[in-house]
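Just follow the structure's listing: the first ligand is 1, and inside any ligand the first atom is 1.
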Amino acid sequence: MLLLFVGTIGLLLFLRSFILFFQDKYRIACALRRLPGPDGLPILGNLVQLGQHMNDLHLWKRQLALTFGPTYAIKVDCIMDGSIVTNKPANIEHILCTNCSNYVKPKIIQEVCKEVMGQSIFAINPDSPLWACQRKLMANMFSVNSFRKYMDSVFLQSATTTVDSILSIAQQGQCINIETTLLTLTTNIAFQIGFGRSVPELMTTDYFHGLFREAGSITANRFTRPWYKYFSWCMPSERRLKAVMKQIDGVLYDILAARKAAPATDVVSLDILSQLLDHQRRGLIDLNDKVIRDTMMTVMLAGRETVASGLLWIIYCISKHPEVESKLLKEVDCVTTMDYNSMAELTYMEAVMKETWRLYPPTPLELKAAVADDILPDGTFVPAGVNIEFSPFVMNRDPTRWKDAEKFVPERWLDENFQPTDFEYPVFNAGKRKCVGQRIAMLQTKFILCKLYQQLRFQVVDPSEPKFSLGISLFPVGGMMVQPLVRSKPMSIKNSLSAVAA
Ligand code: HEM
């Protein structure tokens, strides 16, 4: 009798949570159905289209915005929660700033990116003490002062080594995959600043860059394969992710173990890893080795991938626009001393960078989830629990907001009256979670470009439009082959100064 009673109660509780689960899904599905968006199948919604467009996701989303307007819905009725996609600056300001406490990193990011990110700042929310800890450490370490401090050592050495190796390839008339060259360079810099040591050689090999790429792509594909959670044991991609992460984590944990084994000194070094270990020793915050590994991953994702992606697309755009290249070369030829002030004076280069990142934002997509019901400034109802996404890639190509949206026109950024807000041009995100590395990223990019273009030019080998690979940062499928060309002796500084003035 008692058993029957307990069994019935258990069944009722199970039914209750089952009904509540589907009630929430149904509520979200009804709200999404009221919004414009592509037609979908019953139950699956747009899941199949999403899967079909994983290889041209950003261009597909741009097409959807052109067809359905800046705010539309992608429905995934019963399986996942679907998304409201909005590309309106006023809505972005509301989500990232005015009502930011209602828009958090969705659980789906934490689940899908679990192996790669763990509790990295990119996956957690400001209510976690770890968020504030990671943000503070990163902001201190990757500041403008750091740039000044490391300019003559880390930045100069890494950039010079890269330029020298490209020069020797150029002299032999060979081509290079510029993606791996740039990833090696940015890994070196991020590693030395973040961890206070030279990078292990393995981490700068094509093999290791490939592991990162594979992990990013398998992770991204999980968004359209929600069944991975239940069938990981028989899915080859899941088994591969496990193997890839084992190798990446192996290296990160080896670095951690080596640092722990090093004799302790009274003076705590300023790098992030030393500070984390010091926090751990003193019990300042609940930090186990796994959390330290996740913070190391933050450094790798933030400092390595975004900057390399940003540089790659700049080189691509310059090579496609000879008139831009010749103006830029004149400007870099005027730089006699590589210091903070001369970097600040590179206004044309800055315009080229901003225009490139308008068309090719290194972080092309942003995903949040609504905690409670809300209404966006354009009147869109947001049900609690729904995912809400915006795409800098789509926003920055919106023909209703940008003149000649598809054209590469760096000159638009030279107009003093042209100052888009962070919400109109969210390449570095905005509000409370704005990129902490923005200023160092700008300086670092200018420094590297200056070193490269003072001696070299680049021609992209494949004339066709590159396809975008799937991942957290925007990279072309298969990297990008370029032909480096040694520049003929630059004009004298005096001549080039008068040429720029003209
Ligand atoms: C061109 C280079 C860069 C671009 C385009 C960029 C862009 C972004 C974007 C869009 C976000 C928001 C991501 C999200 O919410 O998921 C972000 C966050 C962040 N970025 Fe950057 N970033 C760049 C370079 C850097 C560098 C060099 C660092 C320092 C190592 C850095 C550190 C961070 C950190 C720590 C966050 C997390 C902020 C938070 O969630 O509170 N970034 N960045």
Side-chain angles (χ1 to χ4, degrees), residues 92 95-97 100 103-106 108-110 112-113 116-117 119-128 130-144 146-147 150 154-155 182-183 185-195 271-272 294-314 350 352-354 356-369 388-393 395-396 422-423 425-449 471-475:
I92 308 304
I95 293 162
L96 296 182
C97 201
C100 63
Y103 295 95
V104 297
K105 291 276 175 179
I108 191 168
I109 288 213
Q110 280 141 22
V112 159
C113 303
V116 177
M117 289 190 188
Q119 293 197 67
S120 153
I121 191 168
F122 294 110
I124 58 178
N125 284 306
D127 57 0
S128 155
L130 201 57
W131 179 80
C133 171
Q134 285 191 40
R135 198 169 160 96
K136 194 167 159 208
L137 285 174
M138 295 287 290
N140 285 343
M141 215 51 243
F142 291 92
S143 63
V144 172
S146 286
F147 179 76
Y150 294 111
V154 176
F155 288 103
L182 293 170
L183 280 169
L185 169 64
T186 54
T187 306
N188 254 315
I189 295 174
F191 208 92
Q192 289 189 60
I193 299 183
F195 308 141
D271 70 272
I272 291 181
D294 296 343
T295 313
M296 291 167 81
M297 193 53 125
T298 304
V299 174
M300 301 308 289
L301 293 174
R304 170 186 178 275
E305 295 231 347
T306 49
V307 182
S309 156
L311 279 162
L312 179 142
W313 293 113
I314 294 168
E350 188 162 321
V352 172
M353 287 157 59
K354 287 180 176 166
T356 304
W357 296 341
R358 182 179 70 79
L359 292 169
Y360 303 96
T363 314
L365 202 68
E366 182 74 29
L367 192 62
K368 303 273 184 197
I388 182 143
E389 66 175 72
F390 67 89
S391 157
F393 184 94
M395 289 181 74
N396 294 347
D422 288 346
F423 311 108
Y425 176 76
V427 164
F428 287 97
N429 215 22
K432 197 174 178 175
R433 300 198 71 158
K434 187 171 168 159
C435 172
V436 298
Q438 175 174 1
R439 294 195 64 202
I440 199 169
M442 298 287 294
L443 287 165
Q444 174 178 354
T445 303
K446 282 182 174 177
F447 190 91
I448 295 167
L449 288 175
I472 295 157
S473 307
L474 193 71
F475 281 104

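- The single protein non-hydrogen atom nearest to atom 7 (C) of ligand 1 is Val427 O, 3.5 Å, given as residue, atom name and distance.
- Under a 4.0 angstrom heavy-atom cut-off, Gly310 registers as lying outside contact with ligand 1.
- Annotation: Arg135, atom CZ; neighbour count of heavy atoms from other residues, nucleotides and ligands within 6.0 Å is above 12.
- In this structure, Gln134 contributes its side chain and Asp294 its backbone to no donor-acceptor pair below 3.5 Å.
- Atom numbering of ligand 1 starts at 1 in the shown order; those under 4.0 Å from a heavy atom of Ala441 are 2 (C), 24 (C).
- Within the set Glu366, Lys136, Arg304, Arg433, the minimum heavy-atom distance to atom 40 (O) of ligand 1 is found for Arg433.
- The closest side-chain heavy-atom distance from Ile472 to Met117 is below 4.5 Å.
- Summary of contacts: the protein heavy atom closest to atom 36 (C) of ligand 1 is Phe122 CE2, 3.6 Å.
- Across every non-hydrogen atom of Gln110 and Ile124, the tightest pair is NE2-CA, 4.3 Å.
- Ligand 1 has no N or O atom lying under 3.5 Å from any N or O atom of Gln438, backbone or side chain.
- By heavy-atom distance, the residue among Ala123, Ala430, Cys435 lying nearest atom 43 (N) of ligand 1 is Cys435.
- From the protein, the heavy atom lying nearest to atom 27 (C) of ligand 1 is Val307 CG2, 3.8 Å.
- Between Trp131 and ligand 1, a contact under 3.5 Å exists for at least one N or O pair.
- Of all protein heavy atoms, the one closest to atom 28 (C) of ligand 1 is Gly437 CA, 3.6 Å.
- Side-chain atoms of Thr298 do not come within 3.5 Å of backbone N or O of Ser120 as any donor-acceptor pair.
- Those atoms of ligand 1 that come under 4.0 Å of a heavy atom in Lys105, given as number and element, are 14 (C), 15 (O), 16 (O).
- Between Ile189, Leu367, Asn429, it is Asn429 that holds the heavy atom closest to atom 12 (C) of ligand 1.
- Under the 4.5 Å side-chain criterion, counting only non-hydrogen atoms from C-beta, Lys354 is not in contact with Val427.
- Interatomic distance, Phe155 CZ to Ile448 CD1, rounded to the nearest 0.5 Å: 7.5 Å.
- Side-chain contact check for Met395 versus Ile92: some heavy-atom pair is nearer than 4.5 Å.
- At a 3.5 angstrom cut-off on N or O pairs, Arg135 counts as close to ligand 1.
- Of the protein's heavy atoms, Thr306 OG1, 3.4 Å lies nearest to atom 23 (C) of ligand 1.
- For atom 35 (C) of ligand 1, the nearest protein heavy atom (residue, atom name, distance) is Val436 CG2, 3.4 Å.
- The aromatic rings of Phe428 and Trp357 sit perpendicular, their planes meeting at an angle over 60°, well past the 30° parallel limit.
- Not a single heavy atom of Met141 sits closer than 4.0 Å to an atom of ligand 1.
- Among protein heavy atoms, atom 25 (C) of ligand 1 sits closest to Ala302 O, 3.5 Å.
- Here the shortest heavy-atom pairing between Tyr150 and Met141 reads OH-CE, 3.6 Å.
- In terms of protein heavy-atom proximity, atom 6 (C) of ligand 1 is nearest to Phe428 CD2, 3.6 Å.
- Inter-residue side-chain proximity for Phe122 and Ile109 is flagged as unmet; no heavy-atom pair is nearer than 4.5 Å.
- Of the possible donor and acceptor atoms, one in the side chain of Asn125 sits under 3.5 Å from a partner among the backbone N and O of Lys105.
- Close contacts between ligand 1 and Pro362 involve ligand atoms 5 (C) [criterion: under 4.0 Å to a heavy atom].
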